[in-house]
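One-based numbering along the sequence shown. Keep in mind the model is a prediction, meaning the values are calculated, not measured.
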Amino acid sequence: MPTQPIIFLDTETGGTDPDTSPLLTIGLITLQGGELSRPLHLRVRHGSYTVQAEAMAVTGIDLVAHHAAAQPPEAVAQTIREYAAEVGRVMLGGHNFSFDLGFMRRLMPDLHGVFRRGYTDTKRSAQFLIHAGLLPRTVGTPLDQLARHFGIEYGAHDALEDAQATAKVYVKLMELAKKGI
């Protein structure tokens with residue numbers, strides 16, 4: 001297990017395009033030495049919300065309640081900077097992470113100054129382990145399937161819950177990788 005911390009991050013959004021869809025929630029959790037700590041769930045406020053019905057059905061976010069509890073984007077970005085500063089400039093992790101990074105780069109143009117440029121992606125790691133014969137092909141790479149395979153309790157489509165499940169899946173994937181060496 002890596003001794004350096006990794007911050008796992010997940011987002012929930014109002015659609016699939018970071019240029020037109022709002023970033024709604026961000027979940028962060030720190031993994032260090034196999035232990036999870038510092039859970040953080042942030043809500044991003046926008047002046048208006050142009051959302052896709054399909055995305056809202058998936059996330060279950062009530063926009064009125066969300067808006068009332070949310071913070072402006074600048075405040076959310078600053079909270080993330082402060083969260084990261086507590087552990088230093090570390091690597092980020094996520095599942096199907098390029099999606100989340102697209103939204104995060106819009107929120108934080110300085111993302112690569114706050115976190116290391118490299119990141120870990122449990123979807124890609126699982127794909128590699130499937131091809132290496134260390135993870136059964138029948139498992140698949142969606143987060144819910146990986147969590148179920150490893151016996152991890154998981155309630156999908158909540159940014160913090162997704163970040164926590166991703167970190168736990170990462171630990172299991174690394175254990176498989178070590179066995180394969």
Side-chain angles (χ1 to χ4, degrees), residues 1-42 51-62 87 90-106 111 115-181:
M1 191 54 45
T3 56
Q4 290 294 316
I6 299 173
I7 295 175
F8 282 87
L9 180 148
D10 188 77
T11 63
E12 297 301 330
T13 67
T16 57
D17 184 350
D19 291 329
T20 58
S21 301
L23 170 59
L24 298 174
T25 64
I26 305 165
L28 299 108
I29 190 91
T30 301
L31 173 67
Q32 185 168 17
E35 299 294 320
L36 297 178
S37 63
R38 305 172 58 236
L40 181 62
H41 192 235
L42 300 166
V51 298
Q52 297 172 349
E54 306 83 38
M56 301 314 293
V58 168
T59 65
I61 293 173
D62 174 329
V87 293
V90 299
M91 185 166 59
L92 280 171
H95 189 83
N96 196 24
F97 204 41
S98 60
F99 177 85
D100 301 291
L101 288 173
F103 284 89
M104 290 302 299
R105 285 185 191 111
R106 293 203 41 91
L111 189 68
F115 299 98
R116 291 182 183 215
R117 285 193 179 269
Y119 62 88
T120 188
D121 186 324
T122 52
K123 182 178 179 83
R124 289 183 178 184
S125 299
Q127 288 169 333
F128 175 81
L129 293 172
I130 288 169
H131 290 290
L134 298 172
L135 188 62
R137 287 189 183 280
T138 56
V139 174
T141 60
L143 184 57
D144 63 332
Q145 291 177 20
L146 290 164
R148 188 171 38 257
H149 174 75
F150 291 120
I152 297 167
E153 289 187 35
Y154 171 56
H157 303 300
D158 171 273
L160 181 55
E161 181 76 20
D162 289 357
Q164 290 171 331
T166 300
K168 291 175 183 177
V169 164
Y170 176 82
V171 169
K172 296 295 187 181
L173 293 173
M174 292 304 102
E175 289 171 0
L176 277 180
K178 284 182 181 181
K179 288 179 186 177
I181 293 176

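- Here T25 pairs with nothing under the side chain to side chain donor-acceptor pair (under 3.5 Å) rule; sequence neighbours left out.
- Considering only residues two or more places apart in sequence or on other chains, F128 meets the ring-ring contact (aromatic ring centres under 6.0 Å, His included) condition with none of them.
- Inter-residue side-chain proximity for S125 and T120 is flagged as met; some heavy-atom pair is nearer than 4.5 Å.
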- Query: Hey, mind stepping through I7 and M91 against side-chain contact (heavy atoms from CB on, under 4.5 Å) and telling me if it holds?
  - Reply: CA-CA 7 Å; I7 295 175; M91 185 166 59; over 6 Å; no

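- Applying the side chain to side chain donor-acceptor pair (under 3.5 Å) rule to pairs touching residues 126-142 yields K123-T141, sequence neighbours excluded.
- The list of salt bridge (Lys or Arg N to Asp or Glu O under 4.0 Å) pairs with a residue in residues 4-33, not counting sequence neighbours, reads D19-R106.
- The side-chain heavy atoms of L31 and V171, taken from C-beta on, include a pair separated by under 4.5 Å.
- For the pair T13/F99, a side-chain contact is recorded, criterion being any heavy-atom separation below 4.5 Å from C-beta on.
- Among residues two or more places apart in sequence or in another chain, the salt bridge (charged side-chain N to carboxylate O under 4.0 Å, His left out) test is passed with R124 by none.
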Acceptor/donor pairs from residues 156-163 side chains to any protein atom, 3.5 angstrom cut, sequence neighbours excluded:
residue	atom	partner	partner atom	Å
D158	OD1	L160	N	3.2
D158	OD1	E161	N	2.9
E161	OE2	G155	N	3.2
D162	OD1	Y154	OH	2.8
D162	OD1	H157	N	3.1

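- Every residue was checked against the ring-ring contact (aromatic ring centres under 6.0 Å, His included) condition with F115, not counting sequence neighbours, and none meets it.
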- Query: Is there a side-chain contact (heavy atoms from CB on, under 4.5 Å) between H41 and L28 once you walk through the steps?
  - Reply: CA-CA 7 Å; H41 192 235; L28 299 108; over 6 Å; no

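- Between K172 and T122, the closest side-chain pair of non-hydrogen atoms is not below 4.5 Å.
- Among residues two or more places apart in sequence or in another chain, the ring-ring contact (aromatic ring centres under 6.0 Å, His included) test is passed with F150 by none.
- Looking at every heavy atom in both residues, S21 comes nearest to G15 through OG-CA, 3.3 Å.
- Here I6 contributes atom CD1 and I29 contributes atom CD1; the two are 13.0 Å apart, rounded to the nearest 0.5 Å.
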- Task: Go through the steps to decide whether V90 and Q32 satisfy the test side-chain contact (heavy atoms from CB on, under 4.5 Å), and finish with yes or no.
- Result: CA-CA 11 Å; V90 299; Q32 185 168 17; over 6 Å; no

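- With sequence neighbours left out, R38 forms a side-chain contact (heavy atoms from CB on, under 4.5 Å) with T30, Y83, E86, V87.
- In this structure, A167 and L36 approach most closely via the heavy-atom pair CB-CD2, 3.4 Å.
- For the ring-ring contact (aromatic ring centres under 6.0 Å, His included) condition, the pairs that include at least one residue of residues 5-27, sequence neighbours left out, are F8-Y170.
- For the atom pair OG1 of T166 and CG of L146, the computed distance is 9.0 Å after rounding to the nearest 0.5 Å.
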- Item | Criterion side-chain contact (heavy atoms from CB on, under 4.5 Å) on V169 and H95, from CA distance to verdict | CA-CA 9 Å; V169 164; H95 189 83; 5.7 Å; no

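- Minimum heavy-atom separation, P39 to Q164: CB-NE2, 3.9 Å.
- L135 places a side-chain heavy atom less than 4.5 Å from the side chain of L173.
- Remark: T11 pairs with D100 by the side chain to side chain donor-acceptor pair (under 3.5 Å) rule, at least two apart or across chains.
- At a threshold of 4.5 Å between non-hydrogen side-chain atoms, the residues P18 and R105 do not count as touching.
- Note that OH of Y119 and OG of S98 are 5.5 Å apart. Values are rounded to the nearest 0.5 Å.
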